[in-house]
Amino acid sequence: MPSAKYNHQEIEQKWQTYWLENKTFKSEIDPSRPKYYVLDMFPYPSGDGLHVGHPEGYTATDILARYKRMCGFNVLHPMGWDAFGLPAERHAVRTGEHPAVITNKNCENFKRQIQALGLSYDWDREINTTDPKYYKWTQWIFQVLFERGLAYQAEAPVNWCPALGTVLANEEVKDGKYVETGDPVERRMMKQWMLKITAYAERLLEDLDELDWPEGIKTMQREWIGRSEGADVNFTVDGSGEQFTVFTTRPDTLFGATYCVLAPEHPLTRRIATAGQRAAVDAYIEAAAKRSAQDRMKEDREKTGVFTGAYAVNPVNGALIPIWTADYVLAEYGYGAIMAVPAHDTRDHEFARKFGLPIIEVIHSDGADVQAAAWVGDGTLVNSGFASVEEIASEQRARLAVIWNDPENAPTINGLSVPEAKRRIAAWLETQGLGTGTVNYRLRDWLFSRQRYWGEPFPLITLDDGTVKAVPVKDLPIVLPELTEYRPTADGQPPLARATEWVDTTDPETGQPAKRETNTMPQWAGSCWYYLRFCDARNDHQAWSQEAESYWMPVDLYVGGAEHAVLHLLYSRFWHKVLYDAGFVSTKEPFTKLFNQGMILAYSYQDAAGKYYYPNQVEQRDGQWVVKQTGAPVTSQIEKMSKSRYNVVNPDDVVRDLGADSMRLYEMFMGPLDRDKPWTEEGVQGVHRFLRRAWAVFVAEDGALHPKIVETGGESAPKKVLHHAIKAVTTDIDEMSFNTAISRMMEFVNEATRASKLDREDAEKFVLLLAPFAPHMAEELWERLGYTKTLAYEPWPECDESLLTEDTIDIAVQVLGKLRGLVRVPVDAPKEQILAAAKAEPNVQRHLEGKTIVKEIYVPGKLVNLVVR
RNA sequence: GGGCGAGUGGUGGAAUCGGUAUACACGACGGACUUAAAAUCCGUUGCCCGCAAGGGAUUGAGGGUUCGAGUCCCUCCUCGCCUACCA
C-alpha cells in the first residue's frame with residue numbers, strides 16, 4: 001500500500017537505490033546522439049565533509065544534465081576527487097598513518113553525502129587523483145611536457161613557507177602569506193622544477209576571446225597574463241664594459257630618463273657599485289633579501305633605494321645618468337632593471353622627489369606640471385631630439401660614437417604624438433643596434449615542485465652525471481613509497497628523501513645507478529586534466545582513447561567557484577594546449593562555457609563582546625535580536641559560513657529533516673545562481689511546503705492517485721498555467737535562471753491545488769517538468785501515475801503555443817505616461833478600435849477633460865499612451 | 001590606488017527589446033480546523049492620503065535623453081569581490 005504522506009526519507013532512499021542498481025545514469029559513446037558534457041569542479045574531500053556551498057553548483061549542473069537527457073542528449077556527467085593535498089599530509093605527520101587512509105575515508109564520506117542529494121552522476125567514471133591508476137597518467141602528461149622542453153629545472157627565487165616546509169607557487173601567496181593557512185612566506189633561492197607556461201602566454205591570451213566565460217574571469221586571466229608591448233633598450237655602464245637591458249612600455253620617453261634602477265637581486269648591482277658606495281649597496285641588498293614579501297607589500301611603503309655610484313649612458317643623447325638600486329624594481333619582471341622617467345611615471349616621480357633626482361618633461365600637455373606630479377597621459381613630444389649630430393655636446397657625442405651603429409643618424413621625435421614617437425624611436429633603436437620592440441608578460445613560469453609527500457612523484461631519474469631522463473611509460477606509475485615518518489628530514493630534505501631504497505634506483509635502459517626526484521607535483525597537477533580522464537576513466541592502456549576524447553570533448557558547461565578564476569583554469573588551459581600541440585586532444589580549449597556560482601552566506605549573531613551565538617540560541621523580540629536565555633542584545637549580520645561564526649548549515653541535517661529535493665530546490669530558488677545569497681531556515685521550509693503541496697495535488701489522503709486527476713479535464717485553468725510554465729521553465733533552464741523556473745512551477749501547483757479537475761496528461765507533463773529539480777519526488781509520482789520505468793529519459797514536455805494565446809487582452813492606457821486605466825479588447829482589434837476604447841475609458845476621460853491630444857502612442861498588445869496639452 | 005559586480009517592499013528576489021514596477025516565496029496580520037499548540041487550509045499585505053471611487057510619491061542620490069526609464073547617458077554615494085610598485 002503506497003503511503004499517503006510525503007515521506008521524503010523513504011522516497012529518496014528508494015530512488016537513489018534504484019538509480020544506482022540500474023545504473024540509470026551510465027553514459028556510453030553513442031555517435032547517433034548529440035553529446036552534452038556538463039562538469040562540476042571536483043572537490044577536495046576535506047575532513048569537514050560537504051558544506052551547503054558544494055550542492056549549489058552540483059544541483060545546477062544536475063538540473064542541466066537531467067534536462068539535457070530528456071531533450072535527447074547523450075550526457076556525460078561525472079564526479080571525482082581532487083584528493084592530494086596538505087591536510088591529509090599534516091594528519092599523516094601527526095599520526096604516522098598513511099595519508100591514503102584518511103583520504104579514502106574522506107572520499108567515502110563525500111560520496112555518501114553527494115549520493116544523498118540524488119545527483120545523477122555516472123559513478124562508473126568516478127576518479128581519484130591519488131589513485132596510482134590515475135596519477136600514472138598525470139606522470140605521463142608531465143613527460144609530454146618534459147619531452148617538449150616545457151619542464152626544466154632552475155635555481156629560482158621561491159616562496160618558501162617555513163611552517164609548511166615547502167615552497168609555494170606565486171599564485172598561492174598573497175600579502176606574503178600562504179592563502180590557505182595564512183602562514184608567512186619568505187623568499188629563497190632553490191633549485192626547482194618549472195613549467196614553461198610563458199611559452200603559451202600569447203595563445204592563452206588570444207584564445208580567451210572565443211570562450212563563453214564570464215567577462216570578469218576573462219579579464220582576470222588577461223590581467224594575470226599581463227601582456228605589455230614595449231621595447232628592450234640596452235644601456236652601457238660608463239667606464240666599464242658592462243651592459244644591461246631594460247624593458248619599457250614607454251620608449252618614447254627615453255629622453256626623459258634621468259636615472260636607472262636595478263633590482264637589488266640584479267647580478268650587476270653589486271658588481272658596478274663604486275668603492276665609495278659599496279658598503280651602502282651591500283647593506284641594501286642584504287636588507288632587501290631579508291625583507292619578507294609581507295614588508296614589501298606594506299600599505300604606506302615609502303620608496304627606498306641606494307645610489308650605486310655608477311652611471312649609465314643614455315643611448316639617445318649620451319647623457320650620464322646615475323644607476324640606483326631599489327626594491328620597487330622587481331627582479332622577476334622584465335630584466336629586473338628599468339630606466340626611470342620621473343616626469344611621466346608616478347613611481348619614478350615619487351622616487352625622484354624623495355632622492356632629489358632631476359625631472360625632465362618630454363611629453364607636453366597643457367596644464368600638466370611634471371615637477372608637481374607625473375603626467376602619464378597623452379601629449380606632444382618635447383626636449384626629445386636633435387636636428388643633427390652636431391647639436392649634441394661633444395663629450396656626449398664621443399660616448400655615443402662607441403655605441404651607435406650609425407653615428408651620423410641622430411634621433412628626433414620632437415613634436416610627435418605618443419604612439420608615433422613610440423614607433424619612431426623603436427625603429428631608430430633597432431637601426432642603431434640599441435634595442436628592439438618586444439612584448440613582455442607579467443605571467444611567470446609555473447613553479448611546479450613541492451617538498452611534500454602527498455603528491456604525484458616526478459616520473460624522472462637523475463643519473464650520476466646529472467643527466468635527467470624520463471622513466472619509460474611502461475614503468476609508470478612511479479608509486480609513492482611507504483614511509484613511517486612523513487616529516488621533512490632533519491636537514492630540510494622533503495619527506496621522500498627518507499625512502500632511500502626508493503630514491504636509489506637504476507636506469508632501466510643502461511643499468512646505471514640513478515636517483516629519483518624527492519619533490520612531488522603540486523595539487524594543481526591532478527586537476528589539470530581530470531576532465532579528459534572522465535571521457536575514458538577506466539582505460540588502462542591510455543590516459544584516454546582518441547575515440548572518447550573526440551566524442552565527448554570539449555566540456556560544454558563547467559560550473560564552479562570564482563576562486564579558481566586564474567589558477568586552475570589557467571593551468572588546465574595550458575596543459576590542454578600542450579596536449580593539443582602534441583596531438584592528443586582535438587580542441588584548442590577545454591571548457592566552452594564557464595559559469596561561476598555565488599557563495600551561500602548565512603546570518604550570524606554576535607553580542608557586544610563579539611561572542612557568536614548559534615541561530616537557535618537567539619530570537620527576535622520587538623525587532624531586536626536577543627539571546628534567548630539572557631535577553632542580551634545581539635547584532636545579526638550576513639557572513640560567510642564558518643565554524644567560528646556558529647552559522648554553518650550542514651547538508652546532512654537538511655536532507656534528513658526536509659529531504660534532498662527540498663535542499664536542491666531551495667538552493668536554486670534562493671536567487672540567481674551567480675550571486676551571493678544568505679541561507680534562511682524559513683526559505684527551505686517554504687520550498688519544502690511547495691513540494692508537499694505538489695504531492696497533495698497527486699496523492700489523495702488514502703494514498704491513491706488523487707481523484708481530481710482525470711483522463712480529460714478539457715480546457716482548464718491549470719492547463720493554461722502549465723503551458724506557460726513549460727515555456728518559461730524551458731527557457732529558464734537554458735539560461736540557468738533556476739529561481740524563476742521554480743516560481744513558474746509554484747504557480748502551476750497553486751492553480752492545480754485550487755482546481756477540481758486536472759487533466760492526466762497535464763499532471764504527467766508537470767511531473768516531467770519537475771524532474772530535473774526534484775528528481776526523487778518526480779520519479780515517485782511518475783511511478784504512481786502507472787509507469788514502471790524511470791522518467792530520466794522521457795521526452796521533455798513541449799509547450800502548446802496555441803493554448804497561450806488569449807481571445808482578449810488588457811491594454812494599459814496611459815495619459816502623459818501615467819497609468820490611468822485598463823481596457824479589455826479582442827486580441828486582433830485594430831489600432832483605431834483600441835484607441836477609441838482607450839479614450840472612452842471613464843477614468844481616462846477624466847484626465848483628458850479640457851485637454852487636447854497631441855500625440856497617440858500605441859504599442860501593439862501592450863499599451864496606449866495619450867500625450868495631451 | 002586600479003578592475004569587476006551589486007544597490008528594487010519588513011526579507012530573498014521578479015520585471016527577454018525602454019512599454020501596466022514589486023511575479024514567486026519568506027515574514028507579518030486576520031480567519032477556519034483544534035480542548036490547546038504545531039501542522040495544514042483560506043484571506044489580507046510595498047508606502048502615504050482617502051470610508052470608497054480614486055489620487056500622490058516610489059527601484060541608493062542628483063541630473064539628462066524620451067510620449068514613456070528599474071532598464072540608456074552623465075555626476076556622485078554605499079556595499080561586496082578581485083587586484084595591487086609588472087616599468
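Lettering follows sequence order; numbering is per chain, from 1.
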* Spacing of Lys677(A) atom NZ relative to rA25(B) atom C1', expressed in whole Å -> 15 Å
* Asked: What pair of heavy atoms forms the shortest contact from Tyr603(A) to Asn647(A), and how long is it?
  -> O-CB, 3.3 Å
* Asked: Hey, does Thr680(A) reach any base, or is it just sugar-phosphate, or nothing, if we go heavy atoms under 4.0 Å?
  -> nothing
* Should Lys855(A) be listed as having a side-chain N or O under 4.0 Å from OP1 or OP2 of rC67(B)? -> yes
* To do: Describe the nucleic acid contact of Gln814(A) in one word from base, sugar-phosphate, nothing, applying a heavy-atom distance below 4.0 Å.
  => base
* **Phe351(A) ring center near Tyr259(A) ring center (under 6.0 Å)** => yes
* Structure fact -> Taken to the nearest whole Å, CZ/Phe738(A) to C1'/rA14(B) is 17 Å
* Of all the nucleotides listed (rC67(B), rG55(B), rG27(B)), which has the minimum atom distance to the side chain of Val867(A)? -> rC67(B)
* To do: Would you please confirm or rule out a distance under 4.0 Å between OP1 or OP2 of rA87(B) and any side-chain N or O of His344(A)?
  => no
* Structure fact -> Answer for the Watson-Crick or wobble partner of rC17(B), both distances under 3.5 Å, is none
* If you draw a 6.0 Å radius around NZ in Lys640(A), do more than 12 non-hydrogen atoms from other residues or ligands fall strictly inside? -> no
* Across the strands shown, which category fits Asn843(A) at heavy-atom distances under 4.0 angstrom: base, sugar-phosphate, nothing? -> sugar-phosphate
* Structure fact -> With syn defined as a glycosidic angle within 90 degrees of 0 and anti as anything else, the base of rC41(B) is anti
* Rounded to whole angstroms, how far apart are CE on Met220(A) and P on rG2(B)? -> 18 Å
* Among rA21(B), rC24(B), rU40(B), the nucleotide that comes nearest once only the side chain of Met746(A) is considered -> rC24(B)
* Asked: Under a 4.5 Å cut-off applied to non-hydrogen side-chain atoms, are Tyr335(A) and Val246(A) in contact?
  -> no
* Structure fact -> Re rA32(B): Watson-Crick or G-U wobble partner, both distances kept under 3.5 Å, found to be rU40(B)
* Asked: Which comes earlier along RNA chain B counting from the 5' end, the contact point of Tyr335(A) or that of Ile742(A), where each point is its nearest nucleotide?
  -> Ile742(A)
* Compare side-chain N and O positions of Asn750(A) against OP1 and OP2 of rA25(B) and report whether any pair is under 4.0 Å apart. => yes
* **Side chain of Lys303(A) - closest among rU16(B), rC85(B), rU20(B)** => rC85(B)
* If the C1' atom of rG43(B) is compared with that of rC33(B), how far apart are they to the nearest Å? -> 15 Å
* **C1' atoms of rU8(B) and rU78(B), separation to the nearest Å** => 15 Å
* What interatomic distance, in whole Å, is found between P of rU22(B) and the corresponding atom of rU59(B)? -> 14 Å
* Asked: Rounding to the closest angstrom, what is the interatomic distance between rG19(B) and rC85(B) at atom P?
  -> 45 Å
* Can you check the Met668(A) CE to rG12(B) P distance for me, whole Å? -> 19 Å
* Taking a pair as Watson-Crick or G-U wobble with both distances under 3.5 Å, which nucleotide is matched to rA52(B)? -> none
* Name the closest nucleotide to the Arg692(A) side chain, picking from rA39(B), rA84(B), rA87(B). => rA39(B)
* **Side-chain N or O of Arg675(A) closer than 4.0 Å to phosphate OP1/OP2 of rG80(B)** => no
* Asked: At under 4.0 Å, does any side-chain N or O of Ser743(A) touch on OP1 or OP2 of rG13(B)?
  -> no
* Asked: NA contact type, His688(A), heavy-atom cut-off 4.0 Å: base, sugar-phosphate, or nothing?
  -> nothing
* Please determine, for the side chain of Asp327(A), which listed nucleotide (rC85(B), rG12(B), rA87(B)) has the closest atom? => rC85(B)
* The side chain of Arg693(A) lies closest to which of these nucleotides: rG55(B), rC42(B), rA21(B)? -> rC42(B)
* Across all strands shown, which nucleotide pairs with rA25(B) by Watson-Crick or G-U wobble geometry, both distances under 3.5 Å? -> rU11(B)
* For the pair made of CD in Glu682(A) and C1' in rA28(B), what is the distance, rounded to whole Å? -> 12 Å
* **rC26(B) phosphate, OP1 or OP2, under 4.0 Å from Arg689(A) side-chain N/O** => yes
* To do: Once you apply the 3.5 Å cut-off to both distances, tell me the Watson-Crick or G-U wobble partner of rG80(B), or none.
  => rC4(B)
* To do: Taking atom types as modelled, find out whether Gln845(A) and Glu849(A) have a side-chain donor-acceptor pair closer than 3.5 angstrom.
  => no
* Report yes if at least one side-chain N or O of Lys818(A) is closer than 4.0 Å to OP1 or OP2 of rA57(B); otherwise report no. => yes
* **Sub-4.5 Å side-chain heavy-atom contact between Met746(A) and Val687(A)** => yes
* To do: Respond yes when some side-chain nitrogen or oxygen of Asn865(A) is under 4.0 Å from OP1 or OP2 of rU66(B), and no when none is.
  => no
* Report the nucleotide, chosen from rU20(B), rG13(B), rA84(B), that has the shortest atom-to-atom distance to any side-chain atom of Leu819(A). => rU20(B)
* Return the orientation label for the Phe244(A) and Phe235(A) ring planes: parallel under 30°, perpendicular over 60°, tilted otherwise. => parallel
* Where each residue is assigned the nucleotide of RNA chain B containing its nearest heavy atom, which of Arg846(A) and Tyr603(A) is assigned the position nearer the 5′ end? -> Tyr603(A)
* For rA37(B) and rC48(B), measure between their C1' atoms and round to the nearest Å. => 38 Å
* Going by a 90° cut-off around 0, is rG30(B) syn or anti? -> anti
* Could you tell me whether a side-chain N or O of Thr59(A) sits under 3.5 Å from a main-chain N or O of Arg664(A), the two making a donor and an acceptor? => no
* To do: Hey, can you tell me if Phe738(A) and Phe773(A) have their rings parallel, tilted or perpendicular (30° and 60° cut-offs)?
  => perpendicular
* Report which part of the nucleic acid Phe669(A) touches: base, sugar-phosphate, or nothing (heavy-atom distance under 4.0 Å, all strands). => base
* Asked: OP1 or OP2 of rG56(B) less than 4.0 angstrom from a side-chain nitrogen or oxygen of Arg820(A), does that happen here?
  -> yes
* To do: Report which part of the nucleic acid Gly686(A) touches: base, sugar-phosphate, or nothing (heavy-atom distance under 4.0 Å, all strands).
  => sugar-phosphate
* Asked: How far, in whole Å, is rA38(B) from rC24(B) if one measures between their P atoms?
  -> 26 Å
